[in-house]
Structure formats: structure tokens, C-alpha cells
2 protein chains.
Amino acid sequence: MPDDRKPAFASNITADDVAAEAGVSRWTVNRAFRKDASISPKSLEKVRIVAERLGYVPDLRAASLASDRSNLVALLIDDFANPHKLVMMERLTRILRREGWDILLVNTLDRNDAGHALLNASQRRVDAVILIGIQFDDEVLDTALHARRFRKLIIFARTSRNPNTISIAVDDVHAMREIANYVHERGYRRPLFLAGPRTSSAHLLRKETFVDYWRQHFGSEPETISVAAYDPDLAAGVVETALVNRNKTTLPDILVCENDALAIGATDFIRHKLGLRIPQDIAITGFDDVPQAEGANYRLTTYRQPLTEMTEYLVKVLSNEEERDFDRLFQGRLVIRESA
Amino acid sequence: MPDDRKPAFASNITADDVAAEAGVSRWTVNRAFRKDASISPKSLEKVRIVAERLGYVPDLRAASLASDRSNLVALLIDDFANPHKLVMMERLTRILRREGWDILLVNTLDRNDAGHALLNASQRRVDAVILIGIQFDDEVLDTALHARRFRKLIIFARTSRNPNTISIAVDDVHAMREIANYVHERGYRRPLFLAGPRTSSAHLLRKETFVDYWRQHFGSEPETISVAAYDPDLAAGVVETALVNRNKTTLPDILVCENDALAIGATDFIRHKLGLRIPQDIAITGFDDVPQAEGANYRLTTYRQPLTEMTEYLVKVLSNEEERDFDRLFQGRLVIRESA
DNA sequence: GCAAGTTTTGCTCACGGGAGCAATAGGCAT
DNA sequence: ATGCCTATTGCTCCCGTGAGCAAAACTTGC
């Protein structure tokens, strides 16, 4: 067998090579690969064929450099413990790629690292930065906006009060009212709200909404506890210190969790350490509708965010150059299963 | 409040601007940002200060274009249902960034899409492509190697027989022997092996190893069934058709699963649909040691891959320009919990 | 067949930085 | 001060493409 089975390392084939071979100019070759370029069908086909044969593909680095548009967005994530992130990444990568956007994935380790992460994005001259994480508080956002040049800073699946960012999220108030209403109507009367970290002002809204609802309808403050991170194991620990040594009458009848990650940790603890049944002894609700929530084990009553819709809107925001983009809230829907 | 709170959209500040301000040449400015450049400490500091003030950061597109090294690697993933992917991504993004590599995340929808995904990577002129998925069979790899120009094609966490790729994986044979041996020694005698899709020859090794072990020690073929994808729900379905209508004596005493995703689906089904206990009625083992495997709910006996070590080796492979890189197998370790 | 209008094509001039070499400055012994 | 060696600095020439305009080619109506 001859050598041609070896990988073609193709010492950079450039538009010039294709042009020479196809008998046209370099610019015609490039036009053959640009969406909105004016080129005759004849030369288009001629160029495409030669390019295919030679294995030519345009160099997006150069294109980006010359056109000042990279078609690249940075995706900053800092919370890999939450399975919902995997769902969001799947949706984002799939839809963005379909629309011609490439994704630079940046792991933002912690709050102090946000600056470095943004620097990374900045050096690649991304067209936008998408944040899907929890540590991005207002202070971080401010430094980001001041220090680096980003055309767009998009907070995905989280609300932000910062006027210079674009936030695409579910309507937490509406959602949590729906949950609270469901809890109320189903007859639960001793709820315990399991909240996430208190550092970020972002998700506070869910807790506040629930507390408000309860106060309004019963005149009393529901019990709330808070976990230092959206981590099932930490949630279990917090639930433990809150529930241990209580007797049946003082035990909550439902755990309203800020998201599924917490709900899952709480479920595991209640079942396997306390030996209680769900929902008979304690009911549970979550938020996000992660894949496991549907599984036979959890059957979690939760709230589904319309991720596809949200991502489609994100795409619009990305392509929209002229007008100012606006924050937008989406309506999800309550998914009722057996856990509550 | 004055206007200076508005984000600095910084009409491209370039090395020339910094040079003028700092009283040096453009090249000296660039040298201040290159690791191995020769520059006096005095001008380095001068440039750094001015750059900081002006908000200048070098443009990696231009640098990449001129130097023919992008410091960018593409990460192709096609299986977002498996939580292990999230762990792998966390490890890869963290360590690669620390070593100066940026990551282009590409969602490879299915086998037919692999070509397009690779094209994407090719257009950004990545220095390497890392595959962490299951659909990348030998045929796909071959076309990838022939059609596009990739310096390195790395198969991560999966073995590959293709001589033109670099595979970094755990030693499946060693690992599965260890599992089989454990199953054997704990006295299980009616194992059922739950395998993944049969299309890819890659993970076949685990099943073959287990079957060989059993044949060798008992002279009989263990029962095996196969799931069309590494998806907990599908696993539940397959287990259902395999176990339904069996009585206690013909039921397997242990389910040996090709990975944790399958094990989790099987566990849920066995517990909640069959109403059996784990491990008393049926024991279960997995592979990967995903975060949930440790939780109170599953307590899954499984096999942990040394992901950090593997990623460190990956980094070495990436930086190694000269010599030919070699495939490498790593030893993980059996993690024994209560599920078997 | 010809003028006017419409495509299509080629060209100049960037985009922002790296390689590699030539020029300059600084350090040291004599 | 001189000569020699070395650490810095500046410069030329790319890297591979896009924007926008001018030249060329093709249409159309008469």
C-alpha cells in the first residue's frame, strides 16, 4: 500500500493555491466561501470543486482579523457540579453551532479567577461573552465591563440587575409563585425552603418570592436554610443539621429547593439517612428539571426552564448589531411528578 | 455620575498605541507579552504599565496567524447524557487553561455530523483535536485524518486502534479483570453484563474481558445484553425486557455494567419497578465513578479513572512538537461501595 | 449592433502581530 | 578611550483574509 494513507498534513493550502488551480483570482476563491458575497454560479462551483480536491478551507483567524468579527463566543462556566450545566451546554453548543457561532469554553474556577477567564476571552477577540454560572456577582461584572472590551456580556439563565449586561432568564418570581401556589393548594403547611449560597444576589429572588407568598397567605415566615454551594453533598449536610433530632410533629412536610441539585442531595439524605419516605413523610420540589429528575428514582416535581426558546433568543441577540438588546424573561412550566 | 461608567468599548487598542505612549517600538510592546522574548526589565515594566492603563491585550488571532500556532484545541463531544462528561470537561478545561491552552467546544451531534464538527475545528486552525465521545469509530477517524489537516488527533478516555491517533485511556483489560475478580471472589455466580452500543469497537474490550474471565474460571459464557446508547433510561428499558417475568432462581445475582450511566439506570429500574433491593437481591457494579456514584442513593461499586493524571499526560502530548507521541494506558482503581 | 444597466471580477490597502536579521546600546577588560 | 562581546531594539517581510472600489464581462431593450 502506498504512502497516501498517511494523514495529509497539508502544508497550509491557501486561497492562492486554489485560485491558481481554478484559474480565478484569490478574491473569487474567498467569495466562494462567504455567505453574502457576489459570485457567479459557474465560478462558485469551479472553486468549490478545486477546493474540495485540494482540501482547502478558509482560515477563520485571518477572516476574523480582517473583518473584525470572530463569530466566536466565550462560554464561562464555574459550576461543574450541577448536572443542569450539562443540559445547558448541550443546548447552547448545538444551537449556536447550527447558527454559525463557535464556542470558546472557559472554566472559571472561582470569583478571583473571573478576571483571568475574561482576559482569555478578550485575547481571542470573541464577539460576546456568555456567563452561565453563579459566582458572577455584580462586582465581577463591573470589572469585566470596565477592563476589557466586550461587545456583549450575556448572563444566561440568571437575572442580572446590571444595566450593561443582557440577561436571558426564566421569570423567577412567576415560577416560584407557581410552585408556592402548588405547595399551598396541595395542603402542605410546614415548608422548609432550601436556598443556595447567599453571596450572590441573583437567585435570592426565588427565596424572597416564596417567603413573600407564605407571609401573605399565612402571616407567618416559613423556615429557610442556605447551602454554601449548589452541591448535592453540601445540601445533604445542611439538611442534616436542620432536621436531625426533630420529632414527627416539628418536621417540615415539604422541602422547597432552589434547584434540582439541592433537591437531589436532600432526597438522598432524607431517604437513606433519615429513613423517611418521599412524599409521604416529607415532600420535595426542585427547579430546573434536570434529566435525573424524571428518572424512576427521584420523580421530582420541579420547574422546567424553556432552554431552547432562551437559546434561540440568545442567537438573535448575538446577530443583532444595531439596536440595543434587552433583557428578557421567559415563562417555564411546573412539572408535577410524585415527589410532591 | 459622569459617562465613565459606560463600558469601555475601546476601539481596538493595538500594540502601536501602547508603543507610542510608552516611547518604544511596536515590537518591543509585543515582546513584553511573549514568554520567551528578549526584553530588558526596564522596558518590560514600562510597557506593562502603559498597556494596563490603556487596556491593551495582544490579539491572539494575529499572533496565531503569524506564528502558525494557535494554542487552541478543539474538544469534540457527542454524548451529553452521561454525567461523566461533565467531570471530564471540568478536569480538561481547568488543567488545559492552566497550561495556556484554550478550548473550542464542539458538539458532535451524531456520526454523520462528525465531518462538519471537524471542519469547524479545522477552520479555526486548532493545534489539536481531542475527542471524548463514543460515536467516533474508526471510519470517522479515517476520514478526519485524510480530509483535514490536524497536527494531532487525540482520543481521550477511550482506546483506539488507529495508528494515526493518540489515545489516552484507562487500561480496560486490567480494570475489567479487577472487577471480574472482585465479582468472582465475593461469590456472585449469575452475572449479567450490561454493555453499551455494539456499533463502536472501542468499549467492546470491557465486555470481552469480562466474558473471557468468566469462561476461563467457570467454563460458561455469562449472559450479556446491550443498550443502544449510554443513557440511563435506555438502560432501564433493556434491563426490563431482560429481567421481566423471571423468578428468583433465574434472576442474575449481579449486574456488571459497562459504565455508571448504565448502572444508574439499571439501579433505578431494579429498585423502583421491580421492587428489589440492592445489593441483597441484585448487586451492581459500574465504571467511571461519577459524582452520583458516591452519593447516599447509589453507593455504587465502580472503577475510577485517573483523570488528572491522564490530563497531565495530555498536556505533555500537546506541547511535544518533535517526537512521535504514543498511546498510553493508565491504571485506575476499583472503588468498593455498598452496591456490590 | 449599440448604449445603458447590472453582475462579476481583480486590485489596493488594511487587520495585528511573529521570525529573523541588522543596528544600537551597554558592559567589561585592556 | 578602545575593542570586543552580548543584551536589546527596530525593521523588513510575511501570515491569510475582508472592505470597498474600479475595471471587465454580461444582459437587456431597442
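Every chain is numbered from 1 and lettered A, B, ... according to where its sequence line falls, protein lines coming before strand lines.
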Looking at [N], I'd like to know if its phosphate oxygens (OP1 or OP2) sit under 4.0 Å from a side-chain N or O belonging to [X].
X        : N       : result
Ser40(B) : dT9(D)  : yes
Ser38(B) : dT9(D)  : no
Arg26(B) : dG10(D) : no

field: Sugar-phosphate, base or nothing in reach of Ser64(A), heavy atoms under 4.0 Å
entry: nothing
message: What contact category does Arg34(B) fall into here, base, sugar-phosphate, or nothing, at under 4.0 angstrom with non-hydrogen atoms?
response: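 Sugar-phosphate, backbone atoms only, no base.
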Please report, rounded to the nearest Å, how far the [atom2] atom of [N] is from the [atom1] atom of [X].
X        : N       : atom1 : atom2 : result
Asn30(A) : dG16(D) : CG    : P     : 12 Å
Asp36(B) : dA7(D)  : CG    : C1'   : 15 Å
Asn71(A) : dG18(D) : CG    : C1'   : 13 Å
Arg69(B) : dC15(D) : CZ    : P     : 19 Å
Phe33(A) : dT17(D) : CZ    : P     : 9 Å
Leu65(B) : dC14(D) : CG    : C1'   : 10 Å
Asp68(B) : dT17(D) : CG    : P     : 13 Å
Trp27(A) : dA24(D) : CH2   : C1'   : 15 Å

- prompt: When rounded to the nearest 0.5 angstrom, what distance separates OG1 in Thr93(A) from CG in Asn107(B)?
  reply: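 Rounded to the nearest 0.5 Å, the OG1-CG separation comes out at 3.5 Å.
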query: Can you give the first and last nucleotides of DNA chain C, 5' to 3', that have an atom under 4.0 Å from a heavy atom of chain B?
result: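 Reading along DNA chain C, I get dG16(C) to dA19(C).
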Are [X] and [Y] ion-paired here, with the side-chain N under 4.0 Å from a carboxylate O?
X         : Y         : result
Arg91(A)  : Glu312(A) : no
Asp102(A) : Arg97(A)  : no
Lys46(B)  : Glu21(B)  : no
Lys85(B)  : Asp79(B)  : yes

- request: Name the residue closer to the 5' end of DNA chain D, choosing between Ser67(B) and Gly23(B) according to the nucleotide with the nearest heavy atom.
  value: Gly23(B)
task: For Ala62(B) and for Ser25(B), locate the closest nucleotide of DNA chain D by heavy-atom distance; then report the residue assigned to the nucleotide nearer the 5' terminus.
output: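 Closest to the 5' end, via its nearest nucleotide, is Ser25(B).
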task: Determine, for Phe33(A) and Arg48(A), whether the Lys NZ or Arg CZ falls below 6.0 Å from the six-membered ring centre while staying within 45 degrees of the axis.
output: yes
- prompt: Do we get Arg94(A) above Phe80(B)'s six-membered ring, with its NZ or CZ under 6.0 Å from the centre and within 45° of the axis?
  reply: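 Relative to the ring axis of Phe80(B), which defines the angle, Arg94(A) lies outside at least one limit.
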